[in-house]
Amino acid sequence: MSAAGTLIVGGGQAGFQVAASLRETGYSDPVVLIGDEPGLPYQRPPLSKAYLAGKTDAEGLNLRPASYLAEHRIAHRPGTRAARIDRDARRVVLADGESLPYDHLVLATGARNRDLPVPGADLAGVRQLRGLADADGLREAIGAAERVVVVGAGFIGLEFAAVAAAHGLAVTVVEAAARPMARAVSAETGAFFRAAHEGWGVRFVFSAGVTAIEGTDGRATGVRLAEGEVLPANLILIGIGVVPNAELAAEAGLAVADGIRVDAFLATEDPAISALGDCARFPSAFAAGLGRDDTVRIESVQNAIDQGRCLAARIAGRPAPYGAVPWFWSDQGRHKLQIAGLAGPDDASVPRGSGDAFSVFRFRGGVLRAVESVNRAADHMVARRLLAAGTPLTPEQAADPGLDLKALATARG
């Protein structure tokens, strides 16, 4: 048995899952988990939903208590930043100069928010939402705010907009695309959520670019749009996507292209180094036809958990390629959106259901690639089974309200 064991850089969902799953496999070598943030590994999805809404507290976000880490011999080192990888010596040099050895290095470095590159983006009152500290700041800011502008109509932006509107604030969402969640969902699903938000008092400005954040005495007072309009605001949330934290890998000479490149087993070209989670780009059958040589980088809890289990099994000597069905969810006000699979903006859409409960089946090349379900959890579970089994389903069948999808999934899956 080696003395170095597995070193995991990144204390979020993916990094924690690798550590926990290693112990579940019976792996007995040392496991060291380091991360930039203070405190225990915690869940991020509730930050923009239940946590901001006051439905859970910081302790309720923790993935496991400190006793779990101790009992499972996971050496957790929060507030620790990795500065450099010495691949020849198999050591990671930390920001304070200390170095840690590894037999296997796992990069679970996650992603960071994309900055808005305009004047005034650093003014007080301009915020982002990625970690617990961001959410704490936003909870305080909501209490003092009156007018809110959200830049970006993605999941995070819309989840925050729903919470802010529920607090009685005047909310405007600015989006560069022509509709909400344009890269993630169909026009039908986007239209539903636009109408829902507008019903809650949210105003949308689409096909709009931001040129500056206006301010007085160091504080933001509004958002200037490309056509000259200034939207008044004393709280501005920037939610325009994320950038993978791949610099550590790139500086070590590992292949990077919008994420750390890994194979189907989540391994880099260095057999002693793997990567997973938000920072990793991997081959996936579900990405077929979406470009990028059928590789994808997925930002989701499901992906982090499933890849953590897959990678831990390989490190423990039971390798298998990663092939889990991607799935996502977003809670916006009283509505729940669940997505199974991966769709592109040009994929065909076939709706099933109507009103506040429906699904949209997405087809690419005549093949079912994804299903978006709004307030129809049963459809979501069936969709995951259909996609996992590769069950044939035509657009015509999906459009038939009499087709028993559950029976189809059970018979084939």
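Heavy-atom basis, side chains included; hydrogens, waters and symmetry copies ignored.
Proximity of Leu276 to Val262: side-chain heavy atoms (C-beta onward) are nowhere separated by under 4.5 Å. Two residues are said to be in side-chain contact when any heavy atoms from C-beta on lie closer than 4.5 Å; Arg64 and Leu69 fail this criterion. Between Glu146 and Asn234, some side-chain heavy-atom pair lies under the 4.5 Å cut-off.
Residues forming a side-chain contact (heavy atoms from CB on, under 4.5 Å) with Ala398 (at least two apart in sequence, or on another chain): Val350, Phe361, Phe363, Leu393. Residues satisfying the side chain to side chain donor-acceptor pair (under 3.5 Å) test with Ser373, not counting sequence neighbours, are Ser359.
The aromatic rings of Trp200 and His197 stand perpendicular to each other, their planes meeting at an angle above 60°, with 30° marking the opposite boundary.
Residues Phe192 and Phe358 place their aromatic rings such that the two centres sit under 6.0 Å apart.
When atom types are taken as modelled, the side chain of Asp86 and the backbone of Asp88 share a donor-acceptor pair closer than 3.5 angstrom. Using modelled atom types, no side-chain atom of Glu159 and backbone atom of Pro46 make a donor-acceptor pair closer than 3.5 Å. A donor-acceptor pair under 3.5 Å links the side-chain atoms of Thr109 to the main chain of Asn245, judged by distance alone. The backbone N or O of Arg130 sits less than 3.5 Å from a side-chain atom of Arg44, completing a donor-acceptor pair. Using modelled atom types, one side-chain atom of Arg23 and one backbone atom of His72 make a donor-acceptor pair closer than 3.5 Å.
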So Val32 and Tyr102, side chain to side chain contact (heavy atoms under 4.5 Å, CB included) or not? Walk me through it. CA-CA 9 Å; Val32 179; Tyr102 65 84; over 6 Å; no
Starting from the C-alpha separation in whole Å, work towards a yes-or-no answer on salt bridge (Lys or Arg N to Asp or Glu O under 4.0 Å) for Arg194 and Glu175. CA-CA 12 Å; Arg194 174 181 181 172; Glu175 169 57 45; over 6 Å; no
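A side-chain hydrogen bond (donor to acceptor under 3.5 Å, both in side chains) with Tyr51 is found for one member of Thr56, Asp57, Asp136 and no other, namely Asp136. With Asp331 as reference, Lys336 is the one residue of Lys49, Lys55, Lys336 to meet the salt bridge (Lys or Arg N to Asp or Glu O under 4.0 Å) rule.
Within the model, atoms CZ of Phe282 and CG of Leu266 stand 7.5 Å from one another, a figure rounded to the nearest 0.5 Å. A distance of 6.5 Å separates OG1 of Thr268 from CZ of Arg87, quoted to the nearest 0.5 Å. From Arg219, atom CZ reaches atom CG of Leu235 across 9.0 Å, with rounding to the nearest 0.5 Å. To the nearest 0.5 Å, atom CZ of residue Phe328 and atom CD of residue Glu372 are 11.0 Å apart.
Salt-bridge formation is not detected for the pair Asp306/Arg384: no Lys NZ or Arg NE/NH1/NH2 atom is positioned less than 4.0 Å from an Asp or Glu carboxylate oxygen. Electrostatic pairing of Asp36 and Arg81 does not count as a salt bridge here, judged by no charged N lying under 4.0 Å from a carboxylate O.
By the neighbour-count criterion of 12 heavy atoms within 6.0 Å, atom CZ of Arg147 is sparsely surrounded, having that number or fewer from other residues, nucleotides or ligands. Summarising the local packing, CD of Glu227 is surrounded by more than 12 heavy atoms from other residues, nucleotides or ligands at distances under 6.0 Å.
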Expected list for residues 3-15: side-chain donor-acceptor pairs under 3.5 angstrom, two or more places apart:
{"residue": "Thr6", "atom": "OG1", "partner": "Tyr27", "partner atom": "OH", "Å": "2.8"}

